[in-house]
Amino acid sequence: MKELVEVIAKALVEHPEEVVVTETEKENEIVIELKVASSDMGKVIGKQGRIAKAIRSVVKAAASREEKKVVVEIQ
């Protein structure tokens with residue numbers, strides 16, 4: 001999951017070297033934190049949050065085999 005979010009985020013931003021993705025696994029949940037440069041925040045979120053929602057949808061689809069809930073936090 002972590003690699004998937006990292007590849008998507010680096011393709012969207014102007015400063016790919018500042019993209020940091022961390023993955024924390026709890027009991028029945030995986031939390032993925034995505035940190036980007038403040039100037040790139042709008043590109044990752046998109047108009048009305050459409051890109052952020054699309055990233056979450058792709059990650060959710062990829063995680064469906066593992067039967068765990070995946071949360072993507074963008075900071």
#### Entry: Within-4.5 Å side-chain heavy-atom neighbours: D40 and L12
no
### Task
Hey, could you give me the NZ/CD distance between K69 and E27, rounded to the nearest 0.5 Å?
13.0 Å
### Message
Working note: V44 + V13, criterion side chain to side chain contact (heavy atoms under 4.5 Å, CB included); need CA distance, chi angles, decisive distance, verdict.
### Response
CA-CA 7 Å; V44 174; V13 299; 3.6 Å; yes
### Interatomic spacing from CD in E33 to NZ in K2 - rounded to 0.5 Å
11.5 Å
Could you give the side-chain donor-acceptor pairs of residues 52-65 under 3.5 Å, partners two or more places apart or in another chain?
{"residue": "R56", "atom": "NE", "partner": "V72", "partner atom": "O", "Å": "3.0"}
{"residue": "R56", "atom": "NH2", "partner": "V72", "partner atom": "O", "Å": "3.0"}
{"residue": "S57", "atom": "OG", "partner": "K53", "partner atom": "O", "Å": "3.0"}
{"residue": "S64", "atom": "OG", "partner": "A61", "partner atom": "O", "Å": "2.8"}

### Query
Just how far is it from atom CD of E25 to atom CG of N28, taken to the nearest 0.5 Å?
9.5 Å
### Query
Would M41 and V36 satisfy side chain to side chain contact (heavy atoms under 4.5 Å, CB included), going step by step from the backbone distance to the final call?
CA-CA 6 Å; M41 190 63 77; V36 296; 4.1 Å; yes
### Task
Could you tell me which residues satisfy side chain to side chain donor-acceptor pair (under 3.5 Å) with E23, sequence neighbours excluded, listed by chain and number?
none
## Note on the structure
Given the options V70, I74, L4, V71, I32 meets side-chain contact (heavy atoms from CB on, under 4.5 Å) only with V70
### Message
Can you confirm whether Q48 is buried at CD, in the sense that more than 12 heavy atoms of other residues, nucleotides or ligands lie under 6.0 Å from that atom?
### Response
no
### Message
With rounding to the nearest 0.5 angstrom, report the CD to CG distance, Q75 to L34.
### Response
8.5 Å
### K10 with E6: basic N within carboxylate O range, under 4.0 Å
yes
